[in-house]
Q: 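The following block contains the structure, expressed as structure tokens.
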Amino acid sequence: MKTIELHRTITDSNDRDAQALRDKLSAKGIFLVNIMSSAGSGKTTLLLRLIKDLKEKAQLYVVEADIASDVDAVAVENAGARSIQAHTDGMCHMDAGMTADALESLLAEGSQSGNGLSIVFLENVGNLICPAEYDTGAHRNLMILSVPEGDDKPLKYPLMFEKSDVLVITKTDALQYFDFSMDKAFERVKRLNPDIKIFPVSAKTGEGMDALEEWLLDSAAKLKEA
Amino acid sequence: MHELGVVKHVMKTIRDVAEENKVIRVGSVTLQIGEVSGIVNEQLVDCWNWFREKDDILKGAELKIEVMPAVTFCENCKKEYETVKHGKICPYCGSPNTFLVTGNQFEIKEIEAETEE
């Protein structure tokens with residue numbers, strides 16, 4: 001027996017798969033957004049609103065995990081995006097391998113939008129712990145926190161807030177019914193992650209959606225130009 | 001379960017390393033896991049013992065876990081303290097302005113293996 005020293009992080013093999021997938025998507029100009037949230041955060045309503053508002057401006061895809069999926073594939077297709085099924089085999093998170101498998105045929109055929117923009121929304125498994133630890137190969141991590149969940153979530157799930165590039169605070173139309181302080185939420189999140197972009201929105205009334213949609217289109221356009 | 005995914009990723013890395021090093025059989029794998037990494041070590045070992053039997057070179061390989069203590073630093077009074085005992089609030093001055101120095105590691109340290117050479 002001999003000893004082989006490794007000193008590699010446990011996510012090392014996944015990190016490499018993730019970078020390979022990100023490079024492939026970038027080369028095709030396909031912008032991948034990893035969406036993480038707890039169940040019941042308003043993901044479906046947000047996605048359907050985004051599809052409705054953006055379908056004329058970009059080719060849209062939604063990848064759904066097979067367990068704990070909140071998003072209805074039929075509703076997604078009816079709204080104007082293409083739905084893609086991913087297989088997690090009962091795992092509590094999506095990793096780069098699963099994401100790559102789900103996107104295989106899309107990558108093979110390439111973007112259908114010609115010179116237009118392509119955005120893929122990856123619906124990760126609905127919890128705020130495990131998905132934060134695995135790079136899916138996405139260009140950006142987007143996290144959803146809904147007003148009813150409370151402004152103390154950054155204290156309970158710090159890693160998720162640290163790993164996210166964007167935080168969307170949903171259900172702002174319900175603010176008057178909950179003890180949710182937008183100031184406290186901003187302060188707690190920014191302490192964990194000073195660079196994070198925060199978009200408070202109501203997918204129901206449309207309030208705040210413009211800024212989020214502009215960010216999505218901008219990011220997809222920058223990737224295409226690069 | 002979270003530990004299931006961790007075991008699958010560890011095994012994938014070891015299979016890659018085994019191929020590079022012409023390993024015939026792995027005797028043991030040593031992980032370094034921080035006290036606050038969120039891993040339940042007993043469950044990790046259970047998952048490992050179940051999965052290792054399905055793999056030719058990992059069959060019977062022992063999983064060893066080195067637990068790495070967690071330490072938090074207080075920016076207010078500049079002292080370090082044990083994270084697991086006191087949490088986020090500094091026990092010396094009561095400040096919440098603290099950060100984790102070490103204790104969320106998640107590393108494969110080394111493997112013991114029989115190789116072709």
Side-chain angles (χ1 to χ4, degrees), chain A residues 1-18 20 65 67-68 87-101 124-137 152 154-163 184 187-188 190-194, chain B residues 1-34 36-39 44 47-48 61-66 75 87-89 96-100 104-117:
Chain A
M1 287 273 177
K2 75 174 186 185
T3 301
I4 303 171
E5 293 200 17
L6 268 73
H7 294 287
R8 290 195 199 170
T9 64
I10 286 170
T11 51
D12 183 69
S13 69
N14 183 63
D15 291 346
R16 276 181 288 155
D17 290 349
I67 55 162
H87 299 281
T88 57
D89 299 327
M91 215 86 98
C92 54
H93 59 268
M94 290 287 294
D95 67 20
M98 296 170 202
T99 312
D101 287 347
N124 213 312
V125 178
N127 79 66
L128 295 181
I129 305 168
C130 319
E133 288 175 9
Y134 291 90
D135 189 342
T136 56
D152 60 344
L155 307 175
K156 294 182 177 170
Y157 306 101
L159 186 66
M160 179 63 77
F161 289 87
E162 284 165 19
K163 290 282 171 91
K184 268 190 199 152
E187 186 202 314
R188 285 167 178 162
K190 289 275 181 183
R191 177 180 283 186
L192 290 168
N193 183 349
Chain B
M1 185 171 64
H2 191 60
E3 284 69 17
L4 183 74
V6 171
V7 164
K8 283 190 173 179
H9 286 292
V10 170
M11 285 190 173
K12 188 164 180 242
T13 300
I14 292 171
R15 272 187 220 110
D16 291 347
V17 170
E19 212 180 294
E20 288 160 24
N21 291 277
K22 299 196 170 117
V23 168
I24 306 162
R25 194 177 70 83
V26 175
S28 75
V29 173
T30 306
L31 305 181
Q32 290 185 322
I33 297 179
V36 295
S37 65
I39 292 289
L44 196 66
C47 284
W48 174 268
E62 186 194 351
L63 187 69
K64 298 177 182 172
I65 297 176
E66 293 179 7
E75 292 206 82
K88 284 187 194 306
I89 307 294
N97 203 7
T98 60
F99 65 87
L100 189 71
N104 59 0
Q105 297 94 327
F106 221 47
E107 258 190 35
I108 307 171
K109 184 189 174 195
E110 61 191 24
I111 63 173
E112 281 182 301
E114 248 173 65
T115 56
E116 274 176 33
E117 292 108 57

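Below, chains carry the letters A, B, ... as their sequence lines are ordered, and counting in each starts from 1. Note: hydrogens, waters and symmetry copies are ignored here, and every other heavy atom, side chains too, is used. Remember, predicted model here, so these are calculated numbers, not experimental data.
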Q: For B:Ile89, which residues count as a side-chain contact (heavy atoms from CB on, under 4.5 Å) partner, sequence neighbours excluded?
A: B:Pro96
Q: Can you give me the closest heavy-atom contact between B:Gly27 and A:Met1, atom names plus distance?
A: CA-CE, 3.6 Å
Q: Does B:Glu19 CD have over 12 foreign heavy atoms under 6.0 Å away?
A: no
Q: How many angstroms lie between atom NZ of B:Lys109 and atom CD1 of A:Ile4, to the nearest 0.5 angstrom?
A: 14.5 Å
Q: Working to the nearest 0.5 Å, report the span between CG of B:Asn97 and CZ of A:Arg191.
A: 5.5 Å
Q: From A:Leu6 CG over to B:Ile111 CD1, what is the distance, rounded to the nearest 0.5 angstrom?
A: 6.0 Å
Q: Kindly list each side-chain donor-acceptor pair under 3.5 angstrom involving residues 5-14 of chain B, sequence neighbours excluded, with atom names and distances?
A:
unit_1  : atom_1 : unit_2  : atom_2 : d
B:His9  : NE2    : A:Asp95 : OD2    : 3.3
B:Lys12 : NZ     : A:Asp17 : OD2    : 2.6
B:Thr13 : OG1    : B:His9  : O      : 3.2

Q: For the interface with chain B, which of A:Ile129, A:Asn14, A:Leu159 has the highest count of heavy-atom pairs at distances below 4.5 Å?
A: A:Asn14
Q: Nearest 0.5 Å please: distance from the CG atom of A:Asp12 over to the CD1 atom of B:Ile108.
A: 7.5 Å
Q: Does A:Lys190 NZ have over 12 foreign heavy atoms under 6.0 Å away?
A: yes
Q: Let me know if A:Leu155 has heavy atoms under 4.5 Å from chain B in its side chain, its backbone, both or neither.
A: backbone
Q: About how many Å separate CD of B:Gln32 and NE2 of A:His7, when rounded to the nearest 0.5 Å?
A: 6.5 Å
